[in-house]
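Encoded as structure tokens, the structure appears first; notes follow it.
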Amino acid sequence: MKSKLNLDPQMVERARAAAATIADNVTDFISQRTTESVERTVLRLFGVDGIDADGVPLPNVVVDAVHEAGLLAGGVTRPFMSALIATGLSVQELAEAVADGTVDISSIALAPEADIRAKARELAAVGMDRIRQNRSTRDAYLDRLDGGQAPLLYVIVATGNIYEDVVQARAAARQGADIIAVIRSTGQSLLDYVPYGPTTEGFGGTYATQENFRIMREALDEVGEELGRYIRLCNYCSGLCMPEIASMGALERLDVMLNDALYGILFRDINPQRTLVDQAFSRMINAYAGVIINTGEDNYLTTADAVEAAHTVLASQFINEQFALRVGLPEEQMGLGHAFEMNPMIEDGFLMELAQAQMAREIFPRAPLKYMPPTKHMTGNIFRGHIQDALFNMVGIMTGQGIQLLGMMTEQIHTPLMQDRHLALENAKYIFNNARHIAEEIEFAPEGRIVQRAHAVLAESVELLERIVETGFFEALAKGVFADVKRTIDGGKGLHGVLLRSDDYFNPFEIALREELGLGPVKVGVRG
Amino acid sequence: MKSKLNLDPQMVERARAAAATIADNVTDFISQRTTESVERTVLRLFGVDGIDADGVPLPNVVVDAVHEAGLLAGGVTRPFMSALIATGLSVQELAEAVADGTVDISSIALAPEADIRAKARELAAVGMDRIRQNRSTRDAYLDRLDGGQAPLLYVIVATGNIYEDVVQARAAARQGADIIAVIRSTGQSLLDYVPYGPTTEGFGGTYATQENFRIMREALDEVGEELGRYIRLCNYCSGLCMPEIASMGALERLDVMLNDALYGILFRDINPQRTLVDQAFSRMINAYAGVIINTGEDNYLTTADAVEAAHTVLASQFINEQFALRVGLPEEQMGLGHAFEMNPMIEDGFLMELAQAQMAREIFPRAPLKYMPPTKHMTGNIFRGHIQDALFNMVGIMTGQGIQLLGMMTEQIHTPLMQDRHLALENAKYIFNNARHIAEEIEFAPEGRIVQRAHAVLAESVELLERIVETGFFEALAKGVFADVKRTIDGGKGLHGVLLRSDDYFNPFEIALREELGLGPVKVGVRG
Amino acid sequence: MNETSRVVEGQPGDDYRDRIAKADLTRIRPYGDTMDDGKVQLSFTLPVPDGPEAVEAARQLAAKMGLAEASIVHHEGTGEGFTFFVAYGKCLHTVDYAHIQVPKVTSEVMDFYEINHYIQDRIGRKVVILGACTGTDAHTVGIDAIMNMKGYNGEYGLERYPEVDAHNLGSQVENEELVRKIIEYKADAVLVSQVVTQKDVHIKNLGALVDLLEAQGLRENLILVAGGPRITHELALELGYDAGFGPGTLAPDVASYVVQELVRRGLAK
Amino acid sequence: MNETSRVVEGQPGDDYRDRIAKADLTRIRPYGDTMDDGKVQLSFTLPVPDGPEAVEAARQLAAKMGLAEASIVHHEGTGEGFTFFVAYGKCLHTVDYAHIQVPKVTSEVMDFYEINHYIQDRIGRKVVILGACTGTDAHTVGIDAIMNMKGYNGEYGLERYPEVDAHNLGSQVENEELVRKIIEYKADAVLVSQVVTQKDVHIKNLGALVDLLEAQGLRENLILVAGGPRITHELALELGYDAGFGPGTLAPDVASYVVQELVRRGLAK
Ligand code: B12
Ligand code: B12
Ligand SMILES: Cc1ncc(COP(=O)(O)O)c(C=O)c1O
Ligand SMILES: Cc1ncc(COP(=O)(O)O)c(C=O)c1O
């Protein structure tokens with residue numbers, strides 16, 4: 001693809017190098033730690049599921065027990081495998097036994113390391129297999145059915161009730177949606193467990209549960225089969241249970257996951273250490289499962305001004321890219337986020353939006369960029385809103401975005417009604433088709449406003465990234481470089497769930513995933 | 001302006017030359033004829049107004065009387081001046097006297113030619129003066145007030161009731177409209193007289209009467225003063241009374257007039273001779289009054305397919321241009337028409353629309369092109385319609401159109417409600433402002449779809465124009481080259497009102513206008 | 001862990017199909033995102049200037065229309081003392097869908113070949129069909145779509161049918177003129193198009209034709225069809241026509257009806 | 001010339017202003033293009049598949065809402081047995097605009113300087129104002145617009161006011177926590193923001209705070225203000241707040257109200 005913006009490759013290189021330094025330093029930090037949710041994820045991948053009599057998920061029950069026994073720093077696997085060996089129970093039976101008190105995991109002596117490793121390898125293979133299987137099921141679908149063409153049409157459902165969500169999602173699929181995202185209930189990201197079972201009572205979204213994933217997957221496969229199209233399913237792999245949700249998604253064949261290295265820190269005040277450790281493991285799972293991640297740079301522009309803060313979006317894209325590369329997530333699965341969030345009343349705002357979107361396209365040529373619609377400047381005037389969304393769609397097709405998260409004209413009013421989604425899909429389908437090849441046809445005046453704007457934003461983000469390298473990443477977060485939000489390394493929610501790994505820390509899935517992803521074993525202490 | 005389409009200047013030259021030949025031949029034909037409506041126009045410009053006891057407009061009464069007396073071929077002026085001299089009445093008194101039978105114009109002997117000419121010159125000066133005055137009033141307004149920037153926002157009012165129209169028009173002005181067009185009642189164009197007085201009962205539009213012009217002019221001047229903007233007024237100078245309406249518009253300071261050389265022939269089945277003679281005189285008046293004319297090429301696409309018939313639009317623009325130049329109408333007053341009328345479901349239709357609009361822009365660089373919105377493919381789905389209009393607006397600003405006739409989302413349903421117009425204005429204002437300088441920023445891939453499409457359409461229209469030259473213009477009309485409609489030279493309405501001029505034909509306004517417009521005296525017989 | 005509630009509302013593995021809410025077809029309501037929530041979108045303009053009283057007036061109006069929790073989500077003065085509103089609310093009215101009976105054109109739609117065969121087999125002579133856009137209406141595209149050779153949306157028009165003798169009289173055809181042509185051509189069927197509907201001119205004009213035909217004793221032996229974007233079969237019946245066709249009609253829809261109706265009414269002689 | 005009617009309906013030169021239709025303010029109706037025509041636009045989805053019966057159901061629903069001549073101008077199946085409709089009709093209901101009384105915040109809006117002067121002159125000490133986005137709501141942009149230094153739309157926020165002691169507690173503040181802070185800071189006024197309104201969570205949450213304050217005897221001496229995109233002054237009063245502010249509010253609007261109300265209620269000691 002010929003560059004339309006004539007971006008200076010050296011500037012891009014500098015930005016990438018700075019982001020790489022940031023990621024390297026933090027990766028070292030991550031490698032020395034685990035979290036409760038990472039360990040719960042391990043159990044889920046072994047096959048632990050269900051809840052106890054009080055409704056507490058069994059992965060929480062077991063991890064809490066191991067934690068209380070003072071054994072979690074070495075990973076939940078060793079005590080859990082030992083107990084399996086000792087009791088002869090199945091994985092699920094053991095978890096239930098721990099829950100109902102018939103097995104006291106703290107009192108079981110550790111099995112010989114070789115036995116533990118053998119058992120763990122054997123059991124991990126089952127989980128890994130299921131994920132691999134799902135991946136090839138998806139591949140087979142995509143071979144056989146139409147997988148859509150970029151920009152993929154991404155819509156949300158958010159009724160709070162999985163059974164209404166299913167109806168809305170299937171209708172959306174029939175109307176042409178390529179990706180269905182089930183928005184989560186407000187507050188779920190701050191829960192330190194994953195709710196269980198099919199749910200019908202969420203606010204502004206539906207709880208992410210494994211059963212809800214399964215139901216929606218089944219419903220979409222069915223309608224997709226009928227339509228001859230593969231309908232992708234998306235959920236939120238973020239919050240205090242980030243890696244657990246990654247595992248649930250991998251097990252239920254989700255295709256896309258919101259999954260950002262910084263979002264939880266900045267927007268949910270989750271502890272930075274917790275988030276960074278969790279995101280690394282969750283991304284390994286997503287990488288292996290062939291899940292496209294969506295990063296959350298768009299969120300910056302909901303609190304900061306989109307014109308002024310444009311460079312923070314780009315800087316964060318670079319950082320997300322580097323974090324993702326560190327855990328083996330290929331560019332083709334990086335749905336780096338950005339957004340059409342400038343005040344619609346700005347003269348030539350459309351030109352600046354074009355510049356930003358084209359710039360992302362040229363700098364991350366292989367990433368299926370996730371492009372977010374206007375939200376902050378949407379008002380109760382649904383008619384104007386529908387046109388704001390139309391211009392957004394126009395920029396999407398003009399700049400070859402990968403995933404177009406469709407705007408709804410009622411953005412300011414309520415979570416989407418069925419007809420809002422219908423009209424949003426119609427909007428995008430019309431524009432994408434009617435201007436299908438426009439990206440090939442349009443060039444930008446070489447010294448013009450669009451080109452200059454892109455150059456300026458790139459320069460600012462190079463400066464920002466290099467400043468972060470200088471300041472140190474955690475210090476930069478504490479100073480509020482992103483989204484005007486300040487976060488300290490020991491602040492926020494979930495720090496209590498972060499543990500320094502013991503020297504003999506053992507996580508068979510991490511080992512298997514790193515192997516499969518070609519990452520080589522964890523190395524600590526090289527930097528930092 | 002750098003060409004974005006790389007159109008071949010030789011092809012443009014060939015098209016223009018063919019159109020010039022067509023216009024020259026027809027001009028010769030026109031110069032030998034007058035019509036009842038031309039003569040009624042002369043009376044109106046002398047100051048004849050009002051109606052008789054049966055409601056018949058006095059210009060009709062007098063012209064009919066002169067016609068019955070067998071004197072019309074020499075022009076209404078000679079007998080009318082003679083009667084003025086003989087009776088000593090004022091212009092209006094004489095017309096009223098003819099109407100109530102107190103003066104029998106056929107029985108009055110012609111005055112000496114010199115006296116007639118002197119009287120005619122004196123009286124014509126009054127009418128010419130009023131027009132000149134109106135023009136300078138407009139210029140003064142435009143010096144003092146904001147006249148808007150291209151693309152000018154043009155909206156219609158069409159309640160059928162002038163007093164409701166006024167409310168709607170003033171509201172539209174407040175919302176940013178630059179031009180208000182009062183749509184005419186269906187059927188008025190086939191009336192062989194101009195209705196009189198303020199009117200409140202029209203269908204799909206409001207009668208064009210001089211009083212309605214006056215009311216709307218007053219209302220717009222008032223609101224414009226308040227807003228610090230000059231609001232332009234538009235009406236329909238077409239149908240069987242084309243030149244009369246031109247005179248009314250000139251007298252009441254209208255600023256824009258729908259005025260096409262072929263529209264009446266093709267779309268109202270008005271006799272070709274009648275239309276061509278009438279359009280020539282009406283355009284002289286419009287030229288002198290500083291009125292921007294809007295031609296009606298957009299109408300072709302309501303019956304023919306916009307993709308296939310694109311070249312007929314361009315060919316007709318060339319013909320309208322040449323006819324206008326023949327009667328002294330400068331390019332700056334030529335609102336040549338075209339339209340965004342392709343089926344919205346076409347892949348890459350937006351690119352073809354861009355090509356067409358950009359082509360018109362480059363071929364007629366000084367004309368304030370009038371760009372018409374989607375109409376035929378608007379449906380009851382107002383939400384999609386609003387976006388079709390948005391894409392239309394986007395093309396308008398991307399290609400620097402002069403006058404943007406705003407589309408209404410309810411196009412398929414009803415003449416515009418106040419809120420439809422409000423939303424249409426909002427649509428255009430948002431897009432024009434948000435993409436204000438996009439025309440300067442965007443270039444087209446040199447060998448791409450857009451460029452190729454423009455080349456193809458230009459080539460086809462050269463071919464068509466040259467074919468018309470070969471066939472002969474009237475024969476071509478009879479064969480249905482435009483809009484799939486066939487019209488013969490002696491068919492259609494209004495032929496009875498066409499007269500061969502006698503050798504001593506006298507029309508003081510024609511003489512004065514030709515002089516003022518720098519055209520030199522009418523020459524007949526040079527061609528044809 | 002401090003939280004206690006764990007959110008379980010059903011059993012994993014339940015068939016989701018059994019749990020999807022079904023509409024009560026005797027009492028349907030608008031659907032927003034939950035069955036029976038009644039969600040409706042409204043927009044309108046009131047002849048009062050923008051302000052809190054205007055918003056309250058808009059809310060009251062929506063309430064009178066039967067909207068609970070009406071929310072005025074947008075209001076904007078449009079000048080000259082008018083204000084534009086957008087509202088959402090929950091419609092309390094219900095409709096008995098289960099018992100709705102809509103008169104429908106019941107003839108079976110055949111294709112070009114089938115229709116011509118049908119005429120050959122069952123009528124045995126050419127069927128004469130006139131088409132016209134009447135009154136002051138000059139919108140010919142609709143009737144042309146049905147009549148003209150080249151047709152519309154890939155379907156040939158009636159002029160192309162070998163077994164139909166089709167005459168398109170064009171636009172602005174006065175009813176009197178149309179009646180003359182019906183007599184002249186001995187028409188079996190007449191297709192009347194009406195597009196302009198402002199101030200109900202189409203109703204008046206369509207009605208007047210029926211009166212004229214009845215006065216001349218022509219109505220009975222004629223198949224009289226109306227069409228246009230705002231025409232429904234129901235409206236056409238009310239106005240005394242045999243059938244009505246709306247947006248998207250294609251020639252075979254009309255032709256199928258006409259030929260079958262000719263046979264049914266015993267006019268196929 | 002054959003035509004006879006010449007269309008004259010008034011006298012040239014009449015003042016057009018006298019002939020423009022005026023609304024009857026005791027019975028206003030929506031306005032389309034003619035006074036009192038009642039024109040309204042509607043859209044909604046019904047849980048039935050597209051078809052003539054669905055269109056009829058939509059028409060009946062519009063009729064029940066009081067729309068005469070309801071016209072279903074668009075209908076389209078959206079899958080899974082649902083259909084989307086767009087309709088226009090003439091609303092028969094009227095509203096008495098002339099007698100509408102809307103409770104309004106009556107304090108006079110002062111600017112930054114005036115407010116600070118007012119505090120110095122009439123209160124003589126700093127006014128303590130807390131702000132919070134409560135419950136599970138994490139939408140801080142609205143309350144930040146009112147509170148933060150840099151403000152919103154060119155207006156400084158309360159933190160910038162020298163005579164105001166402003167504390168922005170941020171988002172997801174539980175009511176219990178908020179009450180603790182009210183006591184801790186000896187707050188004069190509390191600004192509560194609620195943005196998420198799905199399933200009326202804002203109503204429950206706002207109500208719960210009032211109950212809590214009343215239980216602790218804090219309500220009386222506190223100025224309690226609610227705000228957010230779906231909050232109106234009326235709703236706030238109903239919920240037991242002193243005032244409510246909606247979209248577009250700026251810091252001076254709230255601050256003017258708070259300081260004047262403090263003085264009015266004799267809390268400015
Ligand atoms: C094209 C057009 C014109 C062209 C017409 C060219 C021509 N030769 O037909 C021109 C530019 C001349 C024109 C002029 C006017 N128009 Co016009 N026009 C339209 C437009 C954009 C499209 C109509 C069309 O061609 N549709 C495509 C055809 C294929 O669809 P259709 O007519 O619905 O036909 C289908 C079915 O209804 C059915 N059908 C139709 N007739 C029949 C008959 C039978 C028997 C059967 C079985 C089926 C059938 O089959 C067809 C194929 O599926 C519409 C807006 C719109 N988007 O609909 C306005 C519109 C119809 N026009 C309108 C108006 C007001 C006018 C004018 C009065 C404006 C003016 N004051 O100057 C004039 C007057 C014309 C006159 N005297 O009638 C209004 C009517 C408002 C109303 N509801 O009353 C509309 C809705 C625009 C608007 N919003 O104001 N118009
Ligand atoms: C930005 C935004 C976010 C950001 C918030 C970032 C942040 N730190 O605030 C992020 C991305 C995090 C977010 C998340 C969510 N959001 Co959100 N979000 C928005 C959005 C786009 C803009 C809100 C905004 O900032 N407006 C600008 C401010 C300035 O306006 P304002 O809030 O109205 O405030 C003004 C006045 O109301 C008033 N005011 C406000 N508060 C107060 C208080 C007082 C005392 C006073 C006097 C005045 C006052 O003054 C302000 C200035 O004039 C809206 C859609 C929209 N366009 O409105 C959705 C929206 C509010 N979000 C919504 C939802 C559902 C969510 C989620 C639940 C989605 C999910 N399931 O993940 C989450 C959960 C968050 C949570 N737990 O609350 C819904 C709410 C639906 C509803 N009505 O219930 C909306 C409407 C979008 C939608 N259509 O679905 N969101
Ligand atoms: C990357 C990312 N993760 C998660 C979310 C949603 O998070 P939560 O469930 O915390 O509201 C968002 C916001 O839309 C996001 O952009
Ligand atoms: C050039 C031109 N003249 C006149 C008209 C309207 O003519 P009439 O008044 O005959 O309907 C149009 C159509 O919009 C037009 O384009």
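Quick note on labels: first sequence line is chain A, next is B, and so on, each numbered from 1. Values below: every heavy atom of this structure, side chains too, minus hydrogens, waters and symmetry copies.
No other option in Arg170(A), Arg174(A), Gln168(A), Lys376(A) has as many heavy-atom pairs under 4.5 Å with chain D as Arg170(A).
In this structure, the side chain of Gln419(A) engages the main chain of Thr45(D) through a donor-acceptor pair within 3.5 Å. A donor-acceptor pair is defined here as one N or O able to donate and one able to accept, closer than 3.5 Å; such a pair exists between the side chain of Lys199(D) and the backbone of Gly202(A).
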Could you check Glu76(D) against His422(A) for side-chain contact (heavy atoms from CB on, under 4.5 Å), going step by step and ending with a plain yes or no?
CA-CA 10 Å; Glu76(D) 187 175 354; His422(A) 167 64; 3.5 Å; yes
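Interface residues of residues 407-415 of chain A toward chain D, defined by a heavy-atom distance below 4.5 Å and sorted by number: Gln412(A), Ile413(A), Thr415(A). Contact annotation for residues 31-44 of chain D against chain A (heavy-atom separation below 4.5 Å, listed by residue number): Gln41(D), Ser43(D), Phe44(D). Contact annotation for residues 301-313 of chain A against chain D (heavy-atom separation below 4.5 Å, listed by residue number): Thr302(A), Thr303(A).
Within 6.0 Å of the OH atom in Tyr156(D), the count of heavy atoms belonging to other residues, nucleotides or ligands does not exceed 12. Residue Lys479(A) qualifies as open at atom NZ: its count of foreign heavy atoms under 6.0 Å is 12 or below. Atom NZ of Lys204(D) sits in a crowded spot, with more than 12 heavy atoms from other residues, nucleotides or ligands closer than 6.0 Å. For Glu184(D), the CD atom sits in a packed shell: over 12 heavy atoms of surrounding residues, nucleotides or ligands are nearer than 6.0 Å.
Interatomic distance, Phe82(D) CZ to Gln175(A) CD, rounded to the nearest 0.5 Å: 11.0 Å. To the nearest 0.5 Å, atom OG1 of residue Thr140(D) and atom CZ of residue Phe267(A) are 9.0 Å apart. Rounded to the nearest 0.5 angstrom, Phe203(A) CZ and Asp200(D) CG are separated by 10.0 Å. Once rounded to the nearest 0.5 Å, the distance linking CZ of Phe84(D) with CZ of Arg421(A) reads 13.0 Å. Gln172(D) CD to Lys493(A) NZ: the interatomic distance, rounded to the nearest 0.5 Å, is 5.0 Å.
Using a 4.5 Å cut-off on side-chain heavy atoms (C-beta onward), Met418(A) and Thr78(D) make contact.
For Ala158(A), the part lying under 4.5 angstrom from a heavy atom of chain D is the backbone only. For chain D, the nearby part of Arg268(A) is the side chain; its heavy atoms alone come within less than 4.5 Å. When heavy atoms are compared at a cutoff of 4.5 Å, Gln188(A) does not approach chain D at all. Looking at Thr159(A), only its backbone comes within 4.5 Å of chain D, counting heavy atoms on both sides.
Taking each heavy atom of Ala171(A) and Gly79(D) in turn, the nearest pair found is CB-O, 4.2 Å. Nearest heavy-atom pair, Val223(A) versus Glu80(D), reported as atom, atom and distance to 0.1 Å: CG2-OE2, 4.5 Å.
Partners of Arg217(A) according to the side chain to side chain donor-acceptor pair (under 3.5 Å) rule, which considers only residues two or more places apart in sequence or in another chain, are Asp221(A), Tyr230(A), Asp255(A).
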